[in-house]
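Notes follow once the structure below has been shown.
Heavy atoms only: backbone and side chains are in, while hydrogens, waters and symmetry mates are out. Counting starts at 1 for both ligands and their atoms, in listed order. The first residue in the sequence is number 1, and the count goes up from there.
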Amino acid sequence: MVVDFYPPINLVAYKKFLLYNIDMSIIKVEKISSTNDFIKENYAVLLEGDVVIAKSQSCGRGTHGRSFFSPKGGLYFSILLKPDKADNVGYVTQIVAVAVTDAIREIFHIKTDVKYVNDIIYKGKKAGGILCESDYLDGIYRYVVVGIGLNLSMPKGGYPEEIKSIATALMESCTTEQADSLCIKIRDLILKYYYEADIKSVLAQYQERLIEIDYK
Ligand code: BTN
């Protein structure tokens, strides 16, 4: 179950709420600058597996310092991991890509591919991306933040000129329930693949999903 909180998020109320609702560690806000930044700023009071979803982001970030267009109609969320060991941190983007493509197939019944290293591709166009950020201090990871942005349905005003030719959406329309189910499924698969699965077989799955695309 996903619970709607409206900004500013009251983390004290949220933690109290969690104490009584162990399974409800997903919070949703209308709008935020960046869900990755929110988790990075609050990682100390959040728990492993906690998720923040935003219906839109004002400063969504992509890799290489790029911005990530995040209007309503998409799914933008970040998950906090606090791994004890560094074992799989180097592969986290690949693990997440497999979890995202598996979850999309299970919930939406469509096949998506991956453009190395972090783009989610649908019918040859970019339908989403992954941004993982971590902080390592004194031999431990303080946090690994997994940020995922997916274009679920076409935004009202269409895509901006600079990404128009390469962007697409996964669905014509998408209900809130479908979006929430997808988010929960992705979170559960990430935790499973990160902590329980044989990393070699997850990486083999990743290789199988890779396709080559030249964005023009
Ligand atoms: C990329 O395509 O380069 C990666 C895009 C990652 C976007 C997601 S949306 C949720 C999270 N918050 C951010 O600011 N970025 C990630």
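- Electrostatic pairing of Asp102 and Lys185 does not count as a salt bridge here, judged by no charged N lying under 4.0 Å from a carboxylate O.
- Within 6.0 Å of the CG atom in Asp198, the count of heavy atoms belonging to other residues, nucleotides or ligands exceeds 12.
- Taking every heavy atom of Phe77 and a limit of under 4.0 angstrom, the matching atoms of ligand 1 come to 10 (C).
- Each of the atoms 1 (C), 3 (O) of ligand 1 lies under 4.0 Å from some heavy atom of Thr63.
- Ion pairing of Lys111 with Asp113 is present here, as a side-chain N (NZ or NE/NH1/NH2) and a carboxylate O approach within less than 4.0 Å.
- Electrostatic pairing of Asp87 and Lys85 counts as a salt bridge here, judged by a charged N lying under 4.0 Å from a carboxylate O.
- The closest side-chain heavy-atom distance from Tyr141 to Lys82 is not below 4.5 Å.
- The CZ atom of Arg61 lies 11.0 Å from the OG atom of Ser67; values are rounded to the nearest 0.5 Å.
- Interface atoms of ligand 1 facing Arg61, defined by a heavy-atom separation under 4.0 Å, are 5 (C), 6 (C), 7 (C), 13 (C), 14 (O), 15 (N), 16 (C).
- In this structure, Lys28 pairs ionically with Asp180, as a charged nitrogen and a carboxylate oxygen lie closer than 4.0 Å.
- Residue-ligand proximity, Ile130 to ligand 1, at heavy-atom distances under 4.0 Å covers atoms 4 (C).
- Of all atoms in ligand 1, listed by their number and element, those nearer than 4.0 Å to a heavy atom of Asn118 are 1 (C), 3 (O), 4 (C).
- The closest approach between any non-hydrogen atom of Ser78 and ligand 1 is below 4.0 Å.
- Within ligand 1, counting atoms from 1 as listed, the ones closer than 4.0 Å to a heavy atom of Gly60 are 14 (O).
- Closest heavy-atom approach to atom 2 (O) of ligand 1 among the candidates Lys115, Lys126, His64, Gln57: Lys126.
- For ligand 1 and Thr35, the ligand atoms under 4.0 Å from any heavy atom of the residue are 10 (C), 11 (C), 12 (N).
- Between Glu212 and Lys115 there is no salt bridge, since no side-chain N of the basic residue sits under 4.0 Å from a carboxylate O of the acidic one.
- Near Gly62, the atoms of ligand 1 lying under 4.0 angstrom from a non-hydrogen atom of the residue are 1 (C), 3 (O), 4 (C), 5 (C).
- Among protein heavy atoms, atom 5 (C) of ligand 1 sits closest to Phe68 CD1, 3.4 Å.
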